[in-house]
Structure formats: structure tokens, C-alpha cells
K.L.:
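Pasting a structure here, questions to come.
These numbers come from the heavy atoms of this one structure, side chains and all, not from hydrogens, waters or symmetry mates.
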Amino acid sequence: MTVNNKKYSLQRGEQYPVVGNFINYHISQQLVTKADVARALNIAPKGLTAYCKRDTLQFAVLWKLSLVLKHNFIAQLGEYLPYRFETIREKALKEQLAEKEAIIQKLEIQLETLREFIINKADKM
């Protein structure tokens with residue numbers, strides 16, 4: 001008899017998180033029923049229940065669920081990867097933060113200069 005275990009499904013806990021748990025948890029935290037979500041996905045409620053029990057889902061299903069539930073499951077799963085990924089938005093925010101910090105540093109120098117000027121002016125009077 002042939003064993004039909006797939007390599008990717010063996011030791012799943014060490015390789016990847018169970019995606020059905022994310023979906024089930026997120027639906028339970030929102031004010032929405034599984035039937036409403038299933039209707040939005042144009043699938044039967046039993047199909048959504050099956051998604052919630054699955055270890056893996058196709059990318060297209062995750063994408064549709066993300067759109068329907070207005071939650072980025074793909075990014076959430078990405079947080080479990082062993083390395084850090086920086087999004088385009090995060091890079092832009094880091095650049096903006098660096099610019100603001102440079103402006104603050106310049107303003108602090110100007111403020112200190114003005115304080116010294118006022119103190120010197122007051123001492124001369």
C-alpha cells in the first residue's frame with residue numbers, strides 16, 4: 001500500500017503556521033458571520049468552514065479572504081517568516097522619519113543659538 005503523505009505536510013508545525021486558524025480567529029473577532037463571509041466569497045458556508053480547518057490555502061483564496069475581511073492575511077503570515085521584509089510603504093516612512101529627524105536637529109541648533117543670543121543680549125544690558 002502506498003502512503004500518500006506529501007513532504008510539505010509532514011512536520012507542518014515547524015515549517016509554517018496553520019492558516020485556517022488565522023482565518024477562523026479573525027472572523028470570530030469581527031462582527032460578521034461565516035455565512036456573510038461565504039456569501040461575499042460566493043462559496044457555500046461549508047466551504048468556508050473547510051477553509052478554517054485547513055493547514056494550507058491557495059494564494060488566490062487568501063487574497064480573496066483578505067479583500068472580503070479587510071485584513072492582510074498574507075502580511076500576517078509573513079510575520080512568521082524567520083527574516084524581516086520591509087514593504088515599500090515602510091521604506092518611505094523610514095526615509096520620511098530620517099528627514100524629519102534632520103529637520104529637528106537643525107531646529108535644535110537654531111534654538112540653542114537663539115538662546116545664547118538672548119542670554120548674551122540680556123547680559124550686556
K.L.:
Hey, are Arg84 and Glu79 close enough for a salt bridge, meaning a charged N less than 4.0 Å from a carboxylate O?
P.N.:
yes
K.L.:
Run Lys70 and Gln30 through side-chain contact (heavy atoms from CB on, under 4.5 Å) and show every step you take.
P.N.:
CA-CA 10 Å; Lys70 296 180 176 129; Gln30 288 191 353; 5.6 Å; no
K.L.:
Taking the side chain as C-beta and beyond, is there a heavy-atom pair between Gln110 and Gln105 under 4.5 Å?
P.N.:
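A side-chain contact under 4.5 Å is absent here.
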K.L.:
Can you tell me how far CD of Gln29 sits from NE2 of His71, rounded to the nearest 0.5 angstrom?
P.N.:
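Between His71 NE2 and Gln29 CD, I get 10.5 Å after rounding to 0.5 Å.
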K.L.:
Kindly give the cluster partners of Ile119, where membership spreads through any ILVMFWY side chain lying under 4.5 Å from a current member.
P.N.:
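ILVMFWY cluster around Ile119 holds nothing else.
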K.L.:
As an exercise, state the distance from CG of Leu65 to CD1 of Ile23, rounded to the nearest 0.5 Å.
P.N.:
4.5 Å
K.L.:
Which residues pass the side-chain contact (heavy atoms from CB on, under 4.5 Å) test with Ala44, not counting sequence neighbours?
P.N.:
none
K.L.:
Report yes if the side chains of Arg54 and Leu57 come closer than 4.5 Å at any heavy-atom pair, otherwise no.
P.N.:
yes
K.L.:
About how many Å separate CG of Leu93 and NZ of Lys100, when rounded to the nearest 0.5 Å?
P.N.:
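Reported value, rounded in 0.5 Å steps: 11.0 Å.
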K.L.:
What's the spacing between Thr113 OG1 and Ile118 CD1 if we round to 0.5 Å?
P.N.:
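Rounded to the nearest 0.5 Å, the OG1-CD1 separation comes out at 11.0 Å.
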K.L.:
Can you confirm whether Asn42 is buried at CG, in the sense that more than 12 heavy atoms of other residues, nucleotides or ligands lie under 6.0 Å from that atom?
P.N.:
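Not buried by this count: 12 neighbours or fewer within 6.0 Å.
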K.L.:
Closest heavy-atom contact between Ser66 and Ile74?
P.N.:
OG-N, 4.3 Å
K.L.:
Under 6.0 Å between ring centres, would you say that holds for His26 and Phe73?
P.N.:
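Yes, they do, as the ring centres are separated by less than 6.0 Å.
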K.L.:
Is there a side-chain contact between Glu108 and Ile104 (heavy atoms, below 4.5 Å)?
P.N.:
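Yes. Closest side-chain heavy atoms under 4.5 Å.
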K.L.:
Among Ile, Leu, Val, Met, Phe, Trp and Tyr joined by side-chain contacts under 4.5 Å, find the other residues sharing a cluster with Leu107 and list them by chain and number.
P.N.:
Ile103
K.L.:
Find out whether Val61 and Gln58 are in side-chain contact, i.e. whether some heavy atom of one side chain is under 4.5 Å from a heavy atom of the other.
P.N.:
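With C-beta onward as the side chain, the pair touches.
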K.L.:
Tell me, with the steps shown, if Leu69 and Val37 meet side-chain contact (heavy atoms from CB on, under 4.5 Å).
P.N.:
CA-CA 8 Å; Leu69 294 171; Val37 175; 3.6 Å; yes
K.L.:
Nearest 0.5 Å, please: how far is CZ in Phe22 from CD1 in Ile27?
P.N.:
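The CZ atom of Phe22 is 13.5 Å from CD1 of Ile27, to the nearest 0.5 Å.
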K.L.:
Output all residues satisfying ring-ring contact (aromatic ring centres under 6.0 Å, His included) with Phe59, sequence neighbours left out; order by chain, then residue number.
P.N.:
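ring-ring contact (aromatic ring centres under 6.0 Å, His included) list for Phe59, sorted by chain: Trp63.
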K.L.:
By ring-ring contact (aromatic ring centres under 6.0 Å, His included), which residues pair with Tyr51, not counting sequence neighbours?
P.N.:
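Tyr51 satisfies ring-ring contact (aromatic ring centres under 6.0 Å, His included) with no residue once adjacent residues are dropped.
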K.L.:
Is it the case that one hydrophobic cluster holds both Val18 and Leu48, taking links as side-chain heavy atoms less than 4.5 Å apart, direct or via other members?
P.N.:
no
K.L.:
Under the side-chain contact (heavy atoms from CB on, under 4.5 Å) criterion, do Ser28 and Lys34 qualify, and how do the steps go?
P.N.:
CA-CA 9 Å; Ser28 70; Lys34 285 185 179 179; over 6 Å; no
K.L.:
Apart from Tyr25 itself, which Ile, Leu, Val, Met, Phe, Trp or Tyr residues share its cluster (side-chain heavy atoms under 4.5 Å, direct or through members)?
P.N.:
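Direct or chained contacts put Tyr25 with none.
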K.L.:
Mark yes when over 12 heavy atoms from residues, nucleotides or ligands other than Ile88 sit less than 6.0 Å from its CD1; otherwise mark no.
P.N.:
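No - once you tally the heavy atoms of other residues, nucleotides and ligands closer than 6.0 Å, there are 12 at most.
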K.L.:
Got a second to check how far Leu97's CG is from Glu95's CD, nearest 0.5 Å?
P.N.:
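Going from CG on Leu97 over to CD on Glu95, the span is 11.0 Å.
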K.L.:
Shortest non-hydrogen contact from Glu90 to Thr87?
P.N.:
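Scanning both residues completely, I find the closest heavy atoms to be OE1-N, 2.9 Å.
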K.L.:
Between Asn24 and Lys53, is there a side-chain donor-acceptor contact under 3.5 Å, judged purely by atom types and distance?
P.N.:
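No, Asn24 and Lys53 have no side-chain donor paired with an acceptor closer than 3.5 Å.
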